[in-house]
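Reviewing the structure listed below.
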Amino acid sequence: MSSDYNHKSIEEVIQKKWDQEKRYVSKIDDREKYYCLSMFPYPSGKLHMGHVRNYTIGDVISRYKRMKNFNVFQPMGWDAFGLPAENAAIENKVSPDEWTEHNIENMKSQLQSLGFSYDWSKELRTCDSNYYKWEQLIFKKFYDAGLVYRKKALVNWDPVDETVLANEQVIDGKGWRSGAQIEIKEIDQWFIKITDYADELLTSLDSLDWPENVKLMQRNWIGKSFGAEIEYKLEDDKKSLVTFSTRPDTIYGVSFLAISPNHKLAEDLSKNNKDIAIFLEKCKEIKAAEADIAKAEKLGIDTKLKVIHPLTGEKIPVWIGNFVLLDYGTGVVMGVPAHDLRDFEFAKKYALPIKEVIKNSGDELPNSNKGKLINSEKFNGIFSDDASKKIIQELIKLKSGKELVQFRLRDWGVSRQRYWGCPIPVVYENDEPKVVDENNMPVELPRLKENSLPIPLSQNKEFINLDESRYRESDTFDTFMDSSWYYARFTSSDNQKNIFDDNTKYWLPVDLYVGGIEHAILHLLYSRFFHKALRDIGLLEGDEPFKRLLTQGMVLKDGAKMSKSKGNTIDPQSYIEKYGADTVRLYMMFTSPPEQSLEWSESSVEGASRFLNKIWKLASKRKNLKFEKSFKFTKQELDLRRKSHLTLKKVENDYESRFSFNTAIASIMELLNFIPEDFKSESARDSQKFCLNEAILFILKMLFPIAPHISEYLWNNFINDKSCIETSWPEFDNEIVESDEFELVIQVNGKVRGKMHSNINMTEDEIKDLSLNIKNVKNIIGENKIKKIIFVKNKLINFVT
RNA sequence: GGGGAUGUGGUGGAAUUGGUAGACACGCUUGGCUUAGAACCAAGUGCCGCAAGGUGUGGGGGUUCGACUCCCUCCAUCCCUACCA
């Protein structure tokens, strides 16, 4: 064996071996299954550091689970539809499918060079008609189940390029290419009724082993709120405006109603009122994204209409407000300036009355706290919650309102006006939409003619026009549709006849899903919805797709997310070449815990490489020794054995329940540092050599999930039999781990004043006497009386004076 | 605007249940080896102080014998916000 650690040749040899053995092709067997999935990448061109981190975490856990005798399934594929392919086509004159194909090849070879244990036999890509024909079938089944409908919805329209823009393509209200002022336009689109499942999506979160913050985000996103629908009759008119409010207790504080600029009434009024028409035009300039609407200056215009307050009979003005969303509630807000910050600002700006109806001592206006009602006629003095109930009862009596549960969650608009996506399988016959028959699926995405730019399907006459009376839908699906069910299709991706099969039953649900925190809401919620809907259709079993979730933090450089526009990207490839896959993997796992963000540091990579070199030096020239009964261990030898077994125990816990790989690596490093120099020399006694070899054996096993190439290579050389490093995990010996000595901490008033080696069998009194005799402790206590002694067994004693 | 995180040495981070703050690593300093450098090896390294000791986990306040950890409050940074993936 060579004396230098040569990562290149080692990694090649080991990867070839895995390939020949087909080690990571998974089949159903008797062992407990473990489906470990990392979020598949969009094939943007090259792997970035976020991918490397994500996939290393998934691979470490997969390998560890394999050593623990689980039947592990870890597939990989490509989320291959999306906007960047179209952009690349426009910029570089390559067709989206060629560009995507090329990127996949490139990224696949990068993944392979990192030694991830994927079952490539199940690889899938969402842009294959073999994949998306099933997506079209799912759409049909959803349609048949009443989960699909058509509705007008808003899009960003670029009047110069004559195209719909994504939110990220709108910069400061202008189109990113044309620079034209974008408009908000309303067009017909397909929607999926995710709101039918709102309640279940909420309640079944409780059954999931997910990070609490992700569950909380989903709960808030679904946003179930209890409130009332309250009707305000328009003066001089039979019509009325209906508002939704979660705070009916503040109804006596209403000083205006605000309706959305997209509300039908607003549009009707604009026909005969120039000022309103101008105002609505102005509102159309604001980007449709929620954050932009919320940040924009709050503007309004008085419609001069008045409504009648259902309880007081007062006349209340109706305004149009640019901050009112049509999609949430009824598109009409009741303005209570005293108890809502937004309403307060609006009222101040337009000199509307502010009437306080909830009183808490010390609260300044505006405040949205609950409290006792004032200025509320017969409801005065009643507390908010109770008052809300009574007011709703009153409104019901007057036929002016009802109790209502409202969700913030909106139905999912899945239509996209793009080329590079899955065609929505619909044909219009005399303008009536009909979902395409299963026999006529897939509706294939038409290929581009050579050297032509991707045009939206709506402009592709050959594709669209079928005959005189029939034409195709020209929108494609949101790419979130593609990624909402891939976890299930992975299990049966080689089955051309059926969407799912027995393998699906065996492998699902995903036992661990690893991916970026940025997907906490949308992707994860859509997938959960898909799973439930597919269950109700009879295609899948179980209530949830992902049993356990690990959300990894971002990789940062100079405190910011790595991105091309900031020019702070680091290309993993050069590091893989220079230091090898094992070093890159080790670095990634060592630098910070998986859920935290990771700050890239150049020099720490070298540190990781140095550590592997040390392991190589220690292990490459040794052969394992079997335990001999004749060994009589010295204290120093026993100390090393204890350290080895303790480390094993800690690392197992870190892998198993905490996913705390950085601390696992730190303790392996500690063990390595702990080995006495003379144990390594040629002249060491056999019992010393045994203790050293035991440490090496453990180190190789513990390090394998993280740095598999070097560990397996050294293992094959070190161990005298033909055993495979990946098939077992060593067991620690509790008798060796336990020690009857510990270091006692002695405190005076909670401050450490001394330490002492103690035996676990010592009584509190013995410890007390010994501690009080320590010079420093004596000095600090001095003349003071000891009022109290806190004694924590096998840990500390604290004298309170 | 709403929602979710994070904040500890020069740097990445550790402290798992309220019980020794700074493990492990990077960097730096000094020394060894070397013609020189790289690599490697040894020692040191939160801050103030010669020392005794004091002080220290974003700021301020609180609970406790004891707080990075629990509570209140303020500040800063990052992520998501429904057409980026």
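All chains are named by letter (A, B, ...) in the order of the sequence lines, taking the proteins before the strands, and each is independently numbered beginning at 1. Hydrogens, waters and symmetry mates are skipped; everything else that's a heavy atom, side chains included, is used.
Residues A:Lys193 and A:Asp411 are not paired through a salt bridge, judged by the lack of any N-O separation under 4.0 Å between the basic side chain and the carboxylate. A:Arg150 has a carboxylate O that lies under 4.0 Å from a charged side-chain N of A:Glu473, or vice versa, which qualifies the two as a salt bridge. A:Glu212 and A:Lys215 are joined by a salt bridge, as a carboxylate oxygen and a charged side-chain nitrogen come within less than 4.0 angstrom of each other.
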**Q.** Protein-to-nucleotide contact annotation, 5' to 3' order, nucleotides 19-24 of chain B [B base; S sugar-phosphate only; - none; under 4.0 Å, heavy atom]
**A.** BBS-BB

Q: Encode nucleotides 45-51 of chain B as B, S and - characters from 5' to 3', where the letter depends on protein heavy atoms closer than 4.0 Å: B to the base, S only to sugar-phosphate, - to neither.
A: -------

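Considering only side-chain N and O atoms, A:Thr479 lies under 4.0 angstrom from the phosphate OP1 or OP2 of B:A85. Between A:Lys751 and B:U55, a side-chain N or O to OP1/OP2 separation shorter than 4.0 Å is present. Taking only side-chain nitrogens and oxygens, A:Arg416 comes nearer than 4.0 Å to OP1 or OP2 of B:C83. Close to B:C65, at under 4.0 Å from its OP1 or OP2, lies a side-chain N or O of A:Lys788. Close to B:C84, at under 4.0 Å from its OP1 or OP2, lies no side-chain N or O of A:Asn87. Considering only side-chain N and O atoms, A:Arg753 lies nowhere under 4.0 angstrom from the phosphate OP1 or OP2 of B:G66. Proximity of A:Asn220 to the phosphate of B:G2: no side-chain N or O atom is located under 4.0 Å from OP1 or OP2.
Minimum atom distance to the side chain of A:Val155 is reached by B:C83, of the listed B:A82, B:A15, B:C83. In this structure, the nucleotide among B:G53, B:G13, B:U81 sitting nearest to the side chain of A:Leu522 is B:U81. Taking the side chain of A:Gln596 as heavy atoms from C-beta on, and the options B:U6, B:C84, B:U16, the nearest nucleotide is B:U6. Listed nucleotides B:G27, B:G53, B:C83 differ in distance to A:Arg610; the shortest reach to its side chain belongs to B:G27. Comparing B:C83, B:U16, B:G4 by their nearest atom to the side chain of A:Asp654 picks out B:U16.
Closest approach of A:Met588 and A:Trp600 over heavy atoms only: CE-CZ3, 4.0 Å.
The aromatic rings of A:His523 and A:Tyr513 sit tilted, their planes meeting at an angle between 30° and 60°. In this structure, A:Phe81 and A:Tyr132 have tilted ring planes: the angle between them lies in the 30° to 60° band. The aromatic rings of A:Phe659 and A:Phe661 are tilted relative to each other, their planes meeting at an angle between 30° and 60°.
Rounded to the nearest Å, the gap between the C1' atom of B:A15 and that of B:A67 is 13 Å. Separating the P atom of B:G19 from that of B:G12 is a span of 25 Å, rounded to the nearest Å. B:C68 and B:U81 are spaced 37 Å apart, taking the P atom of each and rounding to whole Å. Using atom C1' as the reference point in both B:U34 and B:C41, the two lie 13 Å apart (nearest Å). Nucleotides B:C79 and B:C84 place their C1' atoms 14 Å apart, quoted to the nearest Å. If you take atom C1' in B:G18 and the same atom in B:G9, they sit 24 Å apart, rounded to whole Å. Atom name P, nucleotides B:G22 and B:G37: the rounded distance is 36 Å, in whole Å. Distance check on atom C1': B:C28 versus B:G66 gives 35 Å, rounded to whole Å.
As rounded to whole Å, 17 Å separates atom C1' of B:C40 from atom CZ of A:Phe611. In this structure, the CD atom of A:Glu86 is 13 Å from the C1' atom of B:C84, given to the nearest Å. At whole-Å resolution of the value, CG in A:Leu409 and P in B:U81 are 15 Å apart. Between the CG atom of A:Asp292 and the C1' atom of B:C80 there is a distance of 14 Å, rounded to whole Å. One atom, CG of A:Asn213, and another, C1' of B:G4, lie 7 Å apart when rounded to the nearest Å. Rounded to a whole Å, the CD atom of A:Glu595 is 21 Å from the P atom of B:C78. When rounded to the nearest whole Å, the span between CZ of A:Arg53 and C1' of B:G13 equals 12 Å.
Using a 3.5 Å distance cut-off with no hydrogens or angles, the side chains of A:Asp161 and A:Ser178 do not pair a donor with an acceptor. Checking A:Asp79 against A:Ser483 by side-chain atom types alone, no donor-acceptor pair falls below 3.5 Å. For the 3.5 Å distance criterion, the side chains of A:Asp158 and A:Thr163 fail to qualify, holding no donor opposite an acceptor. Side chains of A:Arg658 and A:Thr663: a donor on one and an acceptor on the other come within 3.5 Å. No side-chain N or O of A:Arg53 forms a donor-acceptor pair with one of A:Thr591 less than 3.5 Å apart.
Annotation: salt bridge (charged side-chain N to carboxylate O under 4.0 Å, His left out) contacts of A:Glu86 (sequence neighbours excluded): none. By the side-chain hydrogen bond (donor to acceptor under 3.5 Å, both in side chains) test, A:Thr801 is found to be paired with A:Asn749, residues two or more places apart in sequence or in another chain being considered.
At a cut-off of 3.5 angstrom, counting only N and O atoms as typed in the model, there is no donor on one side facing an acceptor on the other between the side-chain of A:Glu290 and the base of B:G2. Below the 3.5 angstrom threshold, one finds no donor paired with an acceptor across the side chain of A:Gln169 and the base of B:C84.
Under the 90° criterion around 0 for the glycosidic angle, B:G59 counts as anti.
Close placement of the A:Tyr131 and A:Trp485 rings is indicated, their centers lying within 6.0 Å of each other. Between A:Tyr587 and A:Tyr575, the distance separating the two ring centers is not shorter than 6.0 angstrom.
Listed by residue number, A:Gln189 are the residues of residues 188-198 of chain A with a heavy-atom contact under 4.0 Å to RNA chain B.
Counting heavy atoms from C-beta on, the side chains of A:Ile786 and A:Leu772 come closer than 4.5 Å.
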Q. Once Watson-Crick and G-U wobble pairs under 3.5 Å are found, how is RNA chain B written in dot-bracket notation, 5' to 3', with | for any base paired to another strand?
A. (((((((..(((......[....)))((((((.......))))))(((....)))..(((((..]....))))))))))))....

